[in-house]
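Let me begin by presenting the structure, written as structure tokens, before commenting on it.
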Protein chains: 2
Amino acid sequence: MPATIRDVARASGVHISTVSRTFSAPHLVNPETRVRVLACAEDLGYRPNRAARALITGRTHNIGLIVADIANPFFPPLIKAAEGQARHRDYHVFVADTNEDPVAEEDLVHALAKQVDGVLLCSPRMSNSLIEQVSREVPVVVINRQVAGLPCVMMDVGQGARAAIEHLLGLGHRRIALLGGPRGSWTAREMRRAATAAARGGGAELTILGPNQPTETGGGALAEQVRRSGVTAVLAYNDLMAIGLIEGLDAIGARVPHDVSVVGVDDIALSRLTRPKLTTVATPTAAAGRTAVDMLLQLDSDAPRGARGRGAAAGDRRTTAQVMLQTELVVRDSTGPVPAPGRDGTVA
Amino acid sequence: MPATIRDVARASGVHISTVSRTFSAPHLVNPETRVRVLACAEDLGYRPNRAARALITGRTHNIGLIVADIANPFFPPLIKAAEGQARHRDYHVFVADTNEDPVAEEDLVHALAKQVDGVLLCSPRMSNSLIEQVSREVPVVVINRQVAGLPCVMMDVGQGARAAIEHLLGLGHRRIALLGGPRGSWTAREMRRAATAAARGGGAELTILGPNQPTETGGGALAEQVRRSGVTAVLAYNDLMAIGLIEGLDAIGARVPHDVSVVGVDDIALSRLTRPKLTTVATPTAAAGRTAVDMLLQLDSDAPRGARGRGAAAGDRRTTAQVMLQTELVVRDSTGPVPAPGRDGTVA
DNA sequence: CAGTCGACTGCAAAGGTTTGCAGCCGAAGA
DNA sequence: TCTTCGGCTGCAAACCTTTGCAGTCGACTG
């Protein structure tokens, strides 16, 4: 029932190849012919069959986007941005969710491999070596992780964590806790590294709690532990955990920021709506999504037709750019000066 | 580079058709041959090219899922459920986001039409007639809306709204506001209808505020108006608005539930984490996602090959089931007895 | 022993599109 | 007038898989 290129050709009295060219290389066909063909196509409601096109061009015009948990508000802006950018270039995005499971992650990328032109691996939980392995099967751009030899787009959470710690130091805090993220997270490692260094540099003591589930529940569950540890400030792996922690602290009678200062990471929409408004490290999620799509498509157009699957495997491709996006500390209401009465801060 | 069916055939010394059957109809090939072929396939890393398969079978094994706003926490559970159910049947899900824009919605379904076997239209904002029109182009299952002649899966928000109003009536409230949802939303209309009837039945006065943007911001913006209107209880279009409203009320000095009771709809994860915990109408989102996928696949397997695009158009298909899923009122902490001092309730 | 049947496998067409190559035609240059 | 060239179009192969049909072969039935 759906009109094919042949129907259009018949209707407009030209050969199918002319119809094909009308769409894929308009400059090659006579303007008059072109308008006639277009009119017929419009008339018959013709839309090129992407499967057939994919078969011959080797390009599906689809890209896969694998995220850890679509329900985490961190991801939707990234997904939207990626989708928008892709649509703009006549690509579609498959979004898939791994439920934070490294195994599901691997299965998914295999399943996707044959029906997309490339995969965006966002905040992967699997090992670097596994990532390298799958990248031999399908072009991959990694988001939120650094993998040698592969194109990556990262957000500078190290710098963000440093800024957060320095902000807290400036408020007089000297006993700080870091709520670690999930196991296998590159971001978690980076934050830890940077926060540790910054704390040491400022003469503060950093307690690391984790790894944890990066959710409200995960944050809330740590309230008791934070309270007991005697810290006056907390840097959480993400906003969700920070918000959960604030709720949890509130429930056991600790006030934020009066008793404890809390800093999150991500600057999700919600962080502007809770009370107190959350001080947080804003990550350029949308930009990351757009950049990743661009890099993938770039990669893809570089690769000679038929050479898909080789891709950047051997690292000989000099297009394996790695970009680091800047983060920014946004100071709101969940951080304040270290509580005065306690004899906790050593250096004043 | 990627191995084709021909490579496998050559390697295992059989004809390509035998290889094909090894995968798509294993019972038709000799067990010995089968293991040999499978071994070779495994060895070469062969994976069937879905585009080629799609070309001949007419089935892409993809389904599209169009949602209004992926950042609204209502959708992710539905998306996850749909994805899971689809994966289970060897289908993949395209998720696309319309930003609450009816026009983007239409474009999207057209763009998707040719590369999926069907589309799940979730909480559509476009008109019924437009939906019917696109359903002639590609099989469609509608979620959260009733369209005559098309398969639909709905959640009984009418019953939920009634239960919510009755709950409020039971607490003594007689002046109630309904925070309406976005224009074009079937759910919003249903709620309004049911809430109006229930309020009238209980001798209460129902003020309708809206339409509104179904977000926290949208809810927060209504705080003043709610305060001024003198109502003692509010039923919001969804949890996000309810939460925004509570924040907004709090900011202007009205306490929930002491001064105003608030009920949401959806029971998103967040509603359990705010304080006060939100009383809300739980909607079976995950079930809706699963059901919709099942219905679509069912529809799809009924349609004779090559007849795609006709589908349930003329309403002659008796498989156009419409299912209504039950909702349930979950009473938490955001609702309480009507404030005693005020002389507001007319009937006591 | 002839005939039948069933299990298995090969053959070839078909599906819709892209694209290198070749052909046509008219215009410009010699 | 004869070439040459460029703009445009047609031809046909190719992409990879599925599937109806037909063929082979051995075993079983009568």
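- Taking atom CZ of residue Arg53(A) and atom P of nucleotide dT17(C), one finds them 8 Å apart after rounding to whole Å.
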Using a 3.5 Å cut-off and no angle test, enumerate the donor-acceptor pairs between side-chain atoms of residues 25-33 of chain B and protein atoms at least two apart in sequence or in another chain.
{"unit_1": "Asn30(B)", "atom_1": "OD1", "unit_2": "Glu32(B)", "atom_2": "N", "d": "2.8"}

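- A heavy-atom distance below 4.0 Å to DNA chain C is reached by these residues of residues 42-51 of chain A, ordered by number: Tyr46(A), Pro48(A), Asn49(A).
- Rounded to an integer number of Å, the gap from CD1 of Ile5(A) to P of dC15(D) is 19 Å.
- Put simply, NE2 on His61(B) is 10 Å from P on dT18(D), counting in whole angstrom units.
- For His61(A), the ring pair (Phe, Tyr, Trp, His ring centres under 6.0 Å) criterion is met by Tyr91(A), not counting sequence neighbours.
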Sequence neighbours excluded and cut-off under 3.5 Å, please list the side-chain donor-acceptor pairs for residues 35-46 of chain B, or say none.
{"unit_1": "Arg36(B)", "atom_1": "NH1", "unit_2": "Ser12(B)", "atom_2": "O", "d": "2.5"}

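- Comparing dC15(D), dC8(C), dC16(D) by their nearest atom to the side chain of Thr33(B) picks out dC8(C).
- Ser127(A) pairs by the side chain to side chain contact (heavy atoms under 4.5 Å, CB included) definition with Ser129(A), Leu130(A), not counting sequence neighbours.
- The Ile16(B) side chain lies nearest to dT17(D) when the options are dT17(D), dC8(C), dG10(C).
- Straight-line distance from the CG atom of Leu55(A) to the P atom of dA13(D): 17 Å, rounded to whole Å.
- For DNA chain D, the residues of residues 17-30 of chain A within the heavy-atom distance limit of 4.0 Å (strictly under) are Ser17(A), Thr18(A), Arg21(A), Leu28(A), Val29(A), Asn30(A), sorted by number.
- In this structure Ala111(B) satisfies the side chain to side chain contact (heavy atoms under 4.5 Å, CB included) test together with His92(A), sequence neighbours excluded.
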Under 3.5 Å donor-acceptor pairs involving side-chain atoms of residues 284-291 of chain B, not counting sequence neighbours:
{"unit_1": "Thr285(B)", "atom_1": "OG1", "unit_2": "Thr283(B)", "atom_2": "O", "d": "3.4"}
{"unit_1": "Thr291(B)", "atom_1": "OG1", "unit_2": "Ala287(B)", "atom_2": "O", "d": "2.6"}

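- The side chain to side chain contact (heavy atoms under 4.5 Å, CB included) search around Asp101(A) returns Val103(A), Ala104(A), not counting sequence neighbours.
- To the nearest angstrom, P of dC8(D) lies 10 Å from CD of Glu32(A).
- Every residue meeting the side chain to side chain contact (heavy atoms under 4.5 Å, CB included) condition with Glu100(B), not counting sequence neighbours, appears here in chain and number order: Ala68(B), Asp69(B), Arg125(B), Pro182(B), Pro214(B).
- Among the nucleotides dC11(C), dT18(C), dT17(C), the one closest to any side-chain atom of His15(B) is dC11(C).
- Across the helix from dC1(C)-dG30(D) to dA30(C)-dT1(D), the helix axis at one end is tilted relative to the axis at the other end by 50° (nearest 10 degrees, each axis from five pairs).
- When the side chain to side chain donor-acceptor pair (under 3.5 Å) test is applied to Ser123(B), the partners found at least two apart in sequence or on another chain are Asn144(B).
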